[in-house]
Amino acid sequence: MTGFHDRDEYFMSLALEAAEKAYAESEIPIGCVLVKSGEVIATAYNKREQNQNTLAHAELLAIDSACKLFNSWRLDDVDCYVTLEPCHMCLSALQQARVCRIIYGAPSPKTGAIESIDNFFSNKNLNHYPEIKSGILAEKASNLLQNFFNKRREENKSLDKSLGGRSKRVRLRTDSQDIRDEENQSL
């Protein structure tokens, strides 16, 4: 943990390393690390594009890995470090898994369910309330996301220009999906 102010920064730096792997694979760069008793028990990053699965968020993949490790759905005394404020789906899974703490880096103005678009834990009928901590290495997490989306916009502009506009890019993607669908139906 040399060079870190505290343990939360250290584990968040590991989540950022996972997010960088997502970035390298053209996935939205969000990383998650689950920690129990000071030991990393699961690390994951977004794989929605790679898996073509809505559920392949970093948090859900990490939860799945940890549940398999412990052969239990309960993740008592587990801390979750995630680079971006969790969405409703991930937050609900973390709450259901009974994680002890949720520590996140940057807020998510469009999907964040802790403070940005909702306050999930303001519901007084839940059966579990983890401790929440935010802003850990937020600038690094935010910069990684901004760089990713800036790069994606530039790639899309180049593609639009070479294809003659966004509508042709969308139509091309739809046509290729139709071709894949036809191939799958013929099998």
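Remember, it's a predicted structure, so these values are computed and weren't measured experimentally.
Contact detail for Thr54 and Met89: the closest heavy-atom pair is O-CE, 3.6 Å. Minimum heavy-atom separation, Ala62 to Cys32: CB-SG, 3.9 Å. For the residue pair Ala113 and Cys87, the shortest heavy atom distance occurs at CB-C, 3.8 Å.
In this structure, the side chains of Leu75 and Arg98 stay at 4.5 Å or more apart for every pair of heavy atoms. Side-chain contact check for Val35 versus Val78: every heavy-atom pair is 4.5 Å or farther apart. Tyr81 places a side-chain heavy atom less than 4.5 Å from the side chain of Arg7. Val40 is listed as a side-chain neighbour of Leu14, based on a closest heavy-atom distance under 4.5 Å. Contact of the Phe120 side chain with the Pro86 side chain is not registered, since no non-hydrogen atoms from C-beta on lie closer than 4.5 Å. When side chains are defined from C-beta on, Val99 does not count as touching Asp79, because their heavy atoms never get closer than 4.5 Å. Between Lys47 and Leu61, some side-chain heavy-atom pair lies under the 4.5 Å cut-off. Looking at heavy atoms from C-beta onward, Arg101 lies out of side-chain contact with Cys80 at the 4.5 angstrom threshold.
Side-chain atoms of Asn46 and His57 form no donor-acceptor pair, as typed in the model, at a separation below 3.5 Å. Side-chain N/O atoms of Gln95 and Asn127 include a donor and acceptor closer than 3.5 Å. Looking only at atom types and distance, the side chain of Glu115 has a donor-acceptor partner in the side chain of Tyr104 under 3.5 Å away.
Distance alone, capped at 3.5 Å, is enough to place a donor-acceptor pair between the Asn53 side chain and the Leu55 backbone. The main-chain N or O of Cys67 is never found under 3.5 Å from a side-chain atom of Ser72 such that the two would form a donor-acceptor pair. Remark: the backbone N or O of Glu49 is paired with a side-chain donor or acceptor of Gln52 at under 3.5 angstrom. Glu27 places a side-chain N or O within 3.5 Å of a backbone atom of Arg48 that can act as its donor or acceptor partner. A donor-acceptor contact shorter than 3.5 Å links the side chain of Glu85 to the backbone of Ile114. Looking only at distances, no side-chain donor or acceptor of Asp64 sits under 3.5 Å from a matching main-chain atom of Leu60.
Residues Leu34 and Ile132 are members of one and the same hydrophobic cluster, defined by side-chain heavy-atom contacts under 4.5 angstrom among Ile, Leu, Val, Met, Phe, Trp and Tyr.
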Run the numbers on Glu20 and Tyr45 for side-chain hydrogen bond (donor to acceptor under 3.5 Å, both in side chains), then give the verdict. CA-CA 9 Å; Glu20 289 168 357; Tyr45 55 89; over 6 Å; no

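Other residues, nucleotides and ligands contribute only 12 or fewer heavy atoms inside 6.0 Å of the NZ atom of Lys140.
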